[in-house]
Amino acid sequence: RHYDSPALKGIPIMSLLPEGNQLWLATQSRGLALWDETNGTVRWFDERQALPDDWITVLAKSNGDIYAGTFVGGLARRSSDSWTSWKELHGENVTALEPDANGGLTIATRHGLWQLASNDQLTPMSLPWLDTEVQALCRTPHGLWIGARTSLNYQPTERSHMAGGATSRSHEVKCEP
């Protein structure tokens, strides 16, 4: 089925995130759209509503909040109808987001990985074997796959499985929603 929404014509869509009968759409240079399937309306969010950038690269949901990674504005979170961003990530191109089982979020950027804990503590992840330009993340029941500019890496959930850095696996990978 093709959806012909005049509000979305000609706007590049970068990422999608369903939420009930609504769909969050990350756009290039127009901000974030919330499309309502039941009535076809679109509600826009951009820098005027405190998003740090109008080019949204990736979306994720964690602990009931919507997270938007941006091209040059870092990370924003929508909670209780307002947006929050982290100054530590301002200027960063967020390339991937992956929620964790503790209500936190792993954040990939072109300058490394960050971990946002459920208490809002943001810390850079120090993985010396990892290429700093991280492009993709995929969490599995046993760890986190990390796609970097020049390598594929695996960070096991349990530290005891880590024997000196990145691990290679040759099994079927099913990323969790």
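If you're wondering where the values come from, they're calculated on a predicted model, not measured in any experiment.
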- Decide side-chain contact (heavy atoms from CB on, under 4.5 Å) for D100 and Q115; before the verdict, give the C-alpha distance in whole Å, the side-chain angles of both, and the deciding distance to 0.1 Å. CA-CA 10 Å; D100 66 27; Q115 183 66 39; 2.9 Å; yes

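- Not one N or O on the side chain of D65 forms a donor-acceptor pair closer than 3.5 Å with the backbone of R77.
- Under the 4.5 Å side-chain heavy-atom criterion for Ile, Leu, Val, Met, Phe, Trp and Tyr, L59 and I13 are members of distinct hydrophobic clusters.
- In this structure, the side chains of W55 and V72 stay at 4.5 Å or more apart for every pair of heavy atoms.
- Within the model, atoms OG of S62 and CD of E98 stand 10.0 Å from one another, a figure rounded to the nearest 0.5 Å.
- Linking ILVMFWY side-chain heavy atoms closer than 4.5 Å, directly or via other members, places L16 and L97 in two distinct hydrophobic clusters.
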- Task: Take E47 and D53 through the test side-chain contact (heavy atoms from CB on, under 4.5 Å) and record every step on the way to the result.
- Result: CA-CA 6 Å; E47 290 177 352; D53 187 11; 4.0 Å; yes

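- The one candidate from D54, L32, I66 that meets the side-chain contact (heavy atoms from CB on, under 4.5 Å) condition with F45 is L32.
- Closest approach of L51 and I56 over heavy atoms only: CD1-CD1, 4.2 Å.
- Inspection of the N21 and T38 side chains reveals no N or O donor paired with an N or O acceptor under 3.5 Å.
- Distance CH2/W129 to CD1/I146: 4.5 Å, rounded to 0.5 Å.
- Of all heavy-atom pairs between Q121 and T123, the closest is NE2-CG2, 3.8 Å.
- With contacts defined as side-chain heavy-atom distances shorter than 4.5 Å, the pair L116/Y67 qualifies.
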- Message: Test side-chain contact (heavy atoms from CB on, under 4.5 Å) on L25 and I11; report intermediate values, then the result.
- Response: CA-CA 10 Å; L25 299 97; I11 298 173; over 6 Å; no

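- Residue F71 holds its CZ atom at 8.5 Å from CE of M14, rounded to the nearest 0.5 Å.
- Across all their heavy atoms, L105 and P99 have their closest contact at CD1-N, 3.6 Å.
- A donor-acceptor pair under 3.5 Å is formed between the side chain of T157 and the backbone N or O of H142.
- L127 and I107 are members of different hydrophobic clusters when ILVMFWY side chains are connected at heavy-atom separations under 4.5 Å.
- Using a 4.5 Å heavy-atom cutoff, the side chains of D4 and K9 are in contact.
- A pairwise comparison of heavy atoms in P52 and A76 identifies CD-CB, 3.5 Å as the closest pair.
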Please tabulate, for the side chains in residues 80-88, all donor-acceptor contacts under 3.5 angstrom to protein atoms that are two or more places apart in sequence or on a different chain.
unit_1: D81; atom_1: OD1; unit_2: R78; atom_2: NH2; d: 2.2
unit_1: S82; atom_1: OG; unit_2: S79; atom_2: O; d: 3.2

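- In terms of heavy-atom proximity, T109 sits nearest to T95 at N-OG1, 3.9 Å.
- In terms of hydrophobic clustering, with Ile, Leu, Val, Met, Phe, Trp and Tyr side chains grouped at heavy-atom distances under 4.5 Å, L75 and L122 are assigned to a common cluster.
- Between atom CD of residue E19 and atom CG of residue D36 there is a gap of 11.0 Å, rounded to the nearest 0.5 Å.
- Here the CG-CD distance, from L23 to E37, works out to 8.5 Å after rounding to the nearest 0.5 Å.
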- Start with the C-alpha distance between N93 and H111, add both sets of side-chain angles, then the distance that settles side-chain contact (heavy atoms from CB on, under 4.5 Å), and finish with yes or no. CA-CA 8 Å; N93 178 344; H111 297 105; over 6 Å; no

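- In plain terms, the two heavy atoms of G143 and Y154 that are nearest each other are N-OH, 3.2 Å.
- The line from OG1 of T106 to CG of L144 is 5.5 Å long, rounded to the nearest 0.5 Å.
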